[in-house]
Amino acid sequence: MLRSHHLGQLTDNELNTEITLCGWADRVRAKGGVNFIVLRDRYAKLQLNVPQEIMEVESIGREYCIKIQGILNQRPEKDQKPEQNGAYELQVTSLEVLNKSDVPPFIVDDREEINEDLRLKYRYLDLRRDCMKDVVTFRTKLLNSVRSHLNSLDFLEVETPMLMKAMPEGARDFLVPSRNFPGEFYALPQSPQLYKQLIQVSGLDRYFQFARCFRDEDARGDRQMVHTQIDLEMSFVEEEDVFAVVEGFLNKIFVDAFDKNIDAPFMRLTYLECMKRFGIDKPDLRFDMELFDLDSIMESSPYSYFKETIDAGGRIAGFTVKGGAKELSRKEIDKFSDYVKAYRSKGVFWAKVVGDDFNGGISKNIPADQKANLLKLADAEDGDLIVFIADTHKVTNDSLGNLRNHIAKRMDIIPKGVYKFLWVTDFPMFEYDEDAGCYIAMHHLFSMPKEEHIKYFETGELEKMHGCLYDLVMNGVELGSGSIRIHTEEMQQKVFDIVGMSPEDQQERFGFFLEALKFGAPPHGGIALGVARLVMTLLGMDNMRDAITFPNASSTRYALDNSPSKLDQDTLDDLSLEVADKK
RNA sequence: GGACCUGUAGCUCAGUUGGUUAGAGUACCUGCCUGUCACGCAGGGUGUCGCGAGUUCGAGUCUCGUCAGGUCCGCCA
């Protein structure tokens with residue numbers, strides 16, 4: 001070892017002894033005659049007192065990697081600082097520069113606001129910052145908590161292949177050309193879905209893995225093309241058994257990391273109830289502002305648009321912004337209409353509550369005999385603002401679900417340090433794809449329909465068919481989703497049929513899987529949770545990139561190595577590939 | 001594929017109605033300073049105003065295009 005201690009190991013026991021330390025020069029304060037260097041390593045900082053003779057020999061700049069020998073001293077009483085090692089100071093006897101440093105492109109300091117572009121390009125410097133080291137440390141702790149909890153429940157940690165058969169359903173696959181089989185390709189796993197089911201067929205009845213997943217789709221603030229999931233699958237279980245396991249390891253995370261328990265079991269809402277009350281399948285339950293329906297109130301409005309919306313089978317719904325009439329300017333309220341345009345809405349209707357009447361916006365078109373009913377329905381009083389949308393179910397729900405979050409942020413009513421978990425259950429199995437002219441799976445093709453909905457296969461009422469499908473939501477973030485799976489060949493074929501897959505296609509693409517279901521495949525189910533989303537949400541961050549050591553930019557290019565990159569002709573030839581000009 | 005926002009010194013940012021030599025803080029360099037701790041003091045500008053056209057007597061500023069980053073829609077079972 002080049003060092004005798006790291007900076008997290010210094011205690012009164014080390015006082016007045018000679019120690020050797022390694023780290024980086026965080027700051028250099030040369031006073032002329034007396035010189036201080038702040039040494040930083042992964043664990044902490046420590047002030048070095050460097051004699052003038054040494055200072056004159058070695059010139060030390062920011063981020064120089066140095067090795068120092070010296071005596072650990074107590075700092076003079078009046079100079080002691082409250083932070084870690086703030087009472088200590090190393091009286092340096094020798095100093096060696098292990099490696100000098102260019103002037104860094106930004107100062108390694110939590111207080112600096114740095115362009116993210118630059119942070120990603122120099123991620124190794126960004127990671128020297130405390131806030132980033134804390135994330136990496138937290139993530140390690142979190143995964144340890146999960147692993148130890150699942151171990152205690154006899155889960156087996158099993159790896160699955162990183163190169164597998166391409167699956168045209170759902171997200172685009174990342175494809176890997178095969179050198180040995182010209183013209184054929186592997187795909188990187190979007191998830192280990194089929195493998196974890198096969199593990200259940202094999203009788204290894206409790207599986208988990210920290211699985212890397214790859215999807216060739218555009219990135220977002222909460223979505224990366226490469227991500228890690230806590231992936232698990234269990235045999236002979238029902239939904240509640242899966243929920244209990246997840247609630248168990250989440251509680252373990254809270255106990256280990258925050259020293260507190262969480263309220264379990266979590267709240268449960270069916271998908272339909274959730275959409276009715278929040279307009280979105282991942283509601284943030286840290287604040288109220290639940291939706292209410294205004295069909296009966298606006299039906300008789302002189303503004304005929306409302307009646308037309310109802311007749312067309314649409315939805316009129318809204319929510320109350322407590323104190324919104326007082327706090328929000330006309331200009332801000334108008335901006336809400338711009339905000340919901342992204343969700344295809346034509347605009348937001350609004351009315352301020354003044355006394356027991358309405359003012360501004362759509363007020364004049366609220367039927368007089370319905371005003372009292374609306375106040376009651378909206379639970380509104382003087383100074384509140386009512387906002388609502390009238391459109392198709394999809395547009396109304398999308399708009400309100402997102403506007404609710406948007407306004408909550410603006411009104412600053414989201415409490416900090418609060419974690420609200422929710423299971424959303426009974427998602428629909430299928431949705432009709434207008435473009436393709438057929439049904440597609442809303443989640444994936446391997447989820448079991450609700451037993452009481454299996455009859456809809458016969459009646460053809462496929463929109464009504466809900467599955468044993470569930471999402472875990474925390475603070476408005478979808479942490480993960482799972483389902484009880486189909487475990488018989490017959491049922492699996494039925495679902496493949498519905499989405500328009502011919503028997504030949506089924507054999508070609510999933511023959512190996514259908515065959516496995518024939519050998520006594522047990523009932524099973526599971527779930528997968530995104531690790532970065534979990535870290536991000538638990539630490540209250542709003543960008544997933546900050547929760548990942550080496551993320552890619554939202555363009556999906558990596559700032560660090562500038563990948564992807566072109567290949568030379570020999571490599572292409574070896575893989576039997578030709579690059580076509582894209583028009 | 002689409003909408004919006006951003007791009008000026010190493011970094012964070014200001015820059016008026018188009019008008020002289022483009023600024024501030026910080027970093028950096030030089031010198032001074034024996035208890036600083038985001039040390040201080042004095043001095044120093046280190047710039048392809050993202051890039052390319054255009055309008056104009058004149059463009060950091062206006063127009064068009066383009067590139068990069070961000071947020072969102074589409075997409076993402």
Side-chain angles (χ1 to χ4, degrees), chain A residues 26-39 45-52 55 59 61-63 73 75-83 85-86 89 91 102-122 125 167-173 190-191 193-194 213-225 227 335 338-345 395 398-399 402 406 427-431 433 435 439-447 467 469 471 478 481-483 495 499 528 530 542-543 545 552-557 559 562:
Chain A
D26 187 63
R27 284 202 148 73
V28 180
R29 290 189 286 267
K31 283 287 294 173
V34 60
N35 308 285
F36 303 105
I37 294 175
V38 176
L39 182 72
K45 290 174 184 168
L46 174 70
Q47 176 162 286
L48 312 175
N49 190 333
V50 188
Q52 185 70 13
M55 224 38 198
S59 82
R62 272 179 209 277
E63 302 309 320
N73 287 336
R75 286 170 66 162
E77 195 81 36
K78 68 178 175 60
D79 292 331
Q80 295 191 6
K81 296 281 164 181
E83 63 260 22
N85 295 336
E89 169 178 289
Q91 185 60 48
D102 281 357
V103 174
F106 53 84
I107 297 175
V108 176
D109 189 333
D110 281 357
R111 286 168 296 203
E112 296 286 321
E113 191 79 23
I114 312 157
N115 186 338
E116 192 176 7
D117 210 4
L118 204 65
R119 287 177 53 202
L120 292 178
K121 186 169 176 194
Y122 298 96
L125 296 178
M167 302 281 177
E169 280 75 30
R172 274 183 283 266
D173 283 316
Q190 294 181 27
S191 80
Q193 183 61 35
L194 291 179
C213 303
F214 305 83
R215 293 174 191 181
D216 189 5
E217 298 290 350
D218 292 346
R220 280 289 160 76
D222 63 350
R223 225 165 64 193
Q224 288 269 308
M225 56 183 188
H227 67 117
K335 274 201 173 160
D338 292 335
Y339 177 80
V340 296
K341 272 178 189 146
Y343 306 98
R344 303 264 154 73
S345 170
V395 170
D398 282 355
S399 302
N402 289 292
H406 182 71
F427 276 79
M429 288 280 288
F430 305 105
E431 60 187 337
D433 185 334
D435 300 334
Y439 283 94
I440 56 172
M442 210 165 135
H443 183 70
H444 62 47
L445 295 168
F446 311 103
S447 300
L469 270 160
D471 275 6
E478 183 198 317
S481 59
S483 62
V495 170
V499 299
D542 47 25
N543 196 308
R545 288 184 295 272
N552 55 259
S554 73
S555 67
T556 69
R557 189 175 285 284
N562 207 36

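The chains referred to below are lettered A, B, ... by the order of the sequence lines, with proteins before strands, and numbering in each begins at 1.
- Distances were taken from every side-chain heavy atom of R172(A) (C-beta onward) to each of G70(B), G35(B), C75(B); the shortest belongs to C75(B).
- For R344(A), the side-chain atoms get nearest to C73(B) when compared with the rest of U71(B), C28(B), C73(B).
- Centre separation under 5.5 Å together with a plane angle under 30° holds for the ring of F36(A) and the six-membered base ring of U36(B), marking them as stacked.
- Heavy atoms of A559(A) sit nowhere under 4.0 angstrom from any nucleic acid atom.
- In this structure, N35(A) reaches neither bases nor backbone, as no heavy-atom distance under 4.0 Å exists between it and the strands shown.
- Candidate nucleotides G35(B), U26(B), G70(B) were compared by shortest atom distance to the side chain of I107(A), and U26(B) ranks first.
- Within the 4.0 angstrom heavy-atom criterion, no nucleotide atom of any strand lies near F446(A).
- Using a 4.0 Å heavy-atom distance criterion, R545(A) is classed as a sugar-phosphate-only contact.
- Note: CG (D109(A)) to P (U12(B)) measures 14 Å, nearest angstrom.
- When each of Q80(A) and A441(A) is assigned the nucleotide of RNA chain B with its nearest heavy atom, Q80(A) is the one assigned upstream, toward the 5' end.
- Residue N49(A) has its side chain nearest to G35(B) when only A27(B), C72(B), G35(B) are considered.
- Closest to the side chain of A30(A), out of C33(B), C28(B), C72(B), is C33(B).
- You'll find that the side chain of D117(A) is closest to G69(B), out of G69(B), G35(B), C75(B).
- Protein atom CG of D222(A) is 14 Å distant from nucleotide atom C1' of G70(B), rounded to whole Å.
- Between the side chain of R220(A) and the base of G74(B), a donor-acceptor pair under 3.5 Å is found.
- Checking G70(B), G74(B), G35(B) against every side-chain atom of R223(A), the shortest atom distance belongs to G74(B).
- Taking only side-chain atoms of L118(A), from C-beta outward, the nucleotide of C76(B), G35(B), C11(B) with the closest atom is C11(B).
- Contacts of S481(A) with the nucleic acid, taken as non-hydrogen atoms under 4.0 Å apart, are absent.
- Side chain of V34(A), nearest nucleotide from U34(B), A38(B), U36(B): U34(B).
- Side chain of N35(A) to backbone of V50(A): a donor-acceptor contact under 3.5 angstrom is found.
- Between the side chain of Q47(A) and the base of U36(B), a donor-acceptor pair under 3.5 Å is found.
- Side-chain to base pairing of E217(A) with G74(B): no donor and acceptor N or O lie closer than 3.5 Å to each other.
- The distance from atom NZ of K341(A) to atom P of G2(B) is 21 Å, rounded to the nearest whole Å.
- The distance from atom NZ of K335(A) to atom C1' of C4(B) is 12 Å, rounded to the nearest whole Å.
- Nucleotide U46(B) forms a pair with A27(B), judged by Watson-Crick or G-U wobble geometry with both contacts under 3.5 Å.
- Side chain of E63(A) to backbone of V103(A): no donor-acceptor contact under 3.5 angstrom is found.
- Here R545(A) contributes atom CZ and E116(A) contributes atom CD; the two are 4.0 Å apart, rounded to the nearest 0.5 Å.
- No engagement by N402(A) is indicated, since no non-hydrogen atom pair under 4.0 Å with the nucleic acid exists.
- Atom CD of E83(A) has more than 12 heavy atoms from other residues, nucleotides or ligands within 6.0 Å.
- Scanning atom types as modelled, no donor and acceptor separated by under 3.5 angstrom connect the side chain of R111(A) and the base of U12(B).
- Put simply, OH on Y343(A) is 16 Å from P on C4(B), counting in whole angstrom units.
- Between Y439(A) and F430(A), the angle of the ring planes goes over 60°, which puts this pair in the perpendicular group of the 30/60° scheme.
- Among C72(B), C76(B), U26(B), the nucleotide with an atom closest to any side-chain atom of A342(A) is C72(B).
- G32(A) comes within 4.0 angstrom of a base, heavy atoms only.
- Side chain D218(A) to base G74(B): a donor-acceptor pair is found below 3.5 Å.
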